[in-house]
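Here the structure comes first, spelled out in structure tokens, and everything after it is commentary.
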Amino acid sequence: MTDKATKQYEAMLAHFRRTAGERGFTVDPAQQPAVERLSRLAGEFARTGLLVRRPPRHVYLWGPVGRGKSWLVNTFLDGLATPRKRRLHFHDFFRRLHEGVALHAADGHRDPTGERIAAVDRAVDELLGDCRVLVFDEFHAHDAGDAMLVARLFRTLLDRRITLVTTSNYPPAGLMPNPLYHHLFEPTIRLIEERMDVVEIAGPVDFRRERQPADGTPRRFSQGARLRTGDEEGLRALGLTRPTVSEADEVVVHGRPLRAAAVRDAEAWFGFAELCEGLTSAADQLALTERFPTLVLTDVPPLADATPDGRRRFADLVDVCCDRDVRLVLIGADPIDERAPEDLLSDLDRTASRLALLGSA
């Protein structure tokens with residue numbers, strides 16, 4: 001490293017230690033490889049310039065839920081000197097990408113040479129601007145319908161003069177786990193493994209259980225609950241009242257109405273059939289979390305009894321509520337029934353980890 005790069009590397013290491021100390025903890029040994037790689041990346045940015053043809057290598061951080069991946073990349077981004085940096089959550093980014101692709105596919109824009117510009121490229125241009133480093137948090141690929149769009153997105157990002165830092169709960173080879181569609185994503189997996197430094201964070205400590213926000217206030221998501229049908233006492237303890245028939249309403253999301261049992265100022269009630277077995281997407285769920293601090297999902301079945309699409313949408317809902325810190329209240333059966341087949345329990349491991357943060361009655 002040059003002197004400037006070494007100074008930036010050491011400054012980022014110190015920034016991680018200082019930020020952890022301010023939050024009342026130290027960097028976990030399992031997080032140290034990621035801290036080292038991100039600190040080296042800060043040094044690499046210090047030595048890049050007009051004479052450097054390529055940006056620093058991309059970084060892919062992965063590990064089980066609760067191992068501090070988001071804290072690591074947020075701390076890195078806060079300590080990075082360049083203003084040309086962005087952090088985008090996968091659900092939010094992908095929703096906006098869909099909207100941009102639809103817009104540009106419709107307008108058929110052409111560049112001055114008359115060649116058609118790919119709608120994905122133009123949408124990414126608008127989302128990223130002159131970004132030099134992009135943190136792409138909570139990346140995953142489950143939806144076969146989106147597989148090709150995600151693949152094109154990654155090729156577009158990796159071919160630009162930006163450095164991509166991605167977090168995921170899956171190793172690259174574990175993306176698109178459905179065996180019926182996994183082969184569609186294998187070229188993207190190979191691209192990730194070739195072009196990104198893959199760093200695992202897999203310590204035994206789940207920091208979501210260990211740490212509260214710096215101001216001492218509990219996370220809203222952890223104030224949610226899993227209740228059995230008919231548990232009126234549990235509802236009262238949460239400050240909730242069961243909807244009346246007259247409260248039934250619709251919530252319009254992306255131009256399409258969703259039937260709700262109740263729509264109140266700070267909460268909305270939906271049935272599992274409507275929100276998970278219906279034709280909804282993670283983008284729809286994200287829109288709901290932006291409007292309602294509390295979401296209540298009723299008639300929840302054991303997920304072994306749900307359709308594969310219903311299980312995926314339920315997992316997306318849990319992810320979105322956890323990541324956006326929205327209180328989620330589930331009413332019905334235990335979603336992760338221990339009688340479920342072993343392969344299903346394995347697929348739902350991340351969902352089970354996040355549901356464990358909710359109280360139960």
Side-chain donor-acceptor distances from residues 236-244 under 3.5 Å, at least two apart:
| residue | atom | partner | partner atom | Å |
| --- | --- | --- | --- | --- |
| R242 | NE | E232 | OE2 | 2.9 |
| R242 | NH2 | E232 | OE2 | 3.0 |
| T244 | OG1 | S246 | OG | 3.1 |

Minimum-distance pair of heavy atoms, taken over all atoms of [X] and [Y]:
X: I201; Y: A30; result: CG2-O, 3.8 Å
X: R220; Y: P293; result: NE-O, 4.2 Å
X: A151; Y: T188; result: CB-OG1, 3.0 Å
X: L41; Y: P56; result: CD1-CB, 3.4 Å
X: I192; Y: Y60; result: CG2-CD1, 3.7 Å
X: L61; Y: A34; result: CD2-CB, 4.0 Å

Partner set under salt bridge (Lys or Arg N to Asp or Glu O under 4.0 Å) for [X], not counting sequence neighbours:
X: E290; answer: R95, R324
X: R155; answer: none
X: R195; answer: D159
X: D305; answer: none

Could you list who else is in V320's hydrophobic cluster, with ILVMFWY side chains joined at under 4.5 Å, directly or through other members?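 Other cluster members: L286.
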
Evaluation steps, side chain to side chain contact (heavy atoms under 4.5 Å, CB included), between L330 and F314: CA-CA 11 Å; L330 306 175; F314 177 80; 3.8 Å; yes

Tell me whether [X] contacts the main-chain N or O of [Y] through its side chain, where contact means a donor paired with an acceptor under 3.5 Å.
X: D299; Y: F272; result: no
X: H15; Y: E10; result: no
X: K85; Y: L80; result: yes
X: H58; Y: M196; result: no

In Å, rounded to the nearest 0.5 Å, how long is the span from [atom1] of [X] to [atom2] of [Y]?
X: E250; Y: R256; atom1: CD; atom2: CZ; result: 11.0 Å
X: R132; Y: D130; atom1: CZ; atom2: CG; result: 11.0 Å
X: L275; Y: L297; atom1: CG; atom2: CG; result: 6.0 Å
X: T351; Y: D319; atom1: OG1; atom2: CG; result: 6.0 Å

Contacts of type side chain to side chain donor-acceptor pair (under 3.5 Å), residue [X], not counting sequence neighbours:
X: T298; result: none
X: N74; result: R87
X: T163; result: none
X: Q32; result: none

Under a 4.0 Å N-O cut-off, is there an ion pair linking [X] with [Y]?
X: R57; Y: D197; value: yes
X: R37; Y: E44; value: yes
X: K69; Y: E138; value: no
X: D125; Y: R160; value: yes

Go through D249 and R259 one step at a time and tell me if the salt bridge (charged side-chain N to carboxylate O under 4.0 Å, His left out) criterion holds. CA-CA 6 Å; D249 203 348; R259 296 188 305 275; over 6 Å; no

Working for ring-ring contact (aromatic ring centres under 6.0 Å, His included), residues Y9 and F45: CA-CA 10 Å; Y9 161 74; F45 276 117; over 10 Å; no

Are the ring centres of F154 and F139 closer than 6.0 Å?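 Yes, ring centres under 6.0 Å apart.
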
With F76 via ring pair (Phe, Tyr, Trp, His ring centres under 6.0 Å) - residues at least two apart: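 Once residues adjacent in sequence are excluded, F76 has no partner under the ring pair (Phe, Tyr, Trp, His ring centres under 6.0 Å) criterion.
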
Partner set under side chain to side chain contact (heavy atoms under 4.5 Å, CB included) for D309, not counting sequence neighbours: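 For D309, the residues satisfying side chain to side chain contact (heavy atoms under 4.5 Å, CB included) (neighbours in sequence not counted) are T307, R312, R313.
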
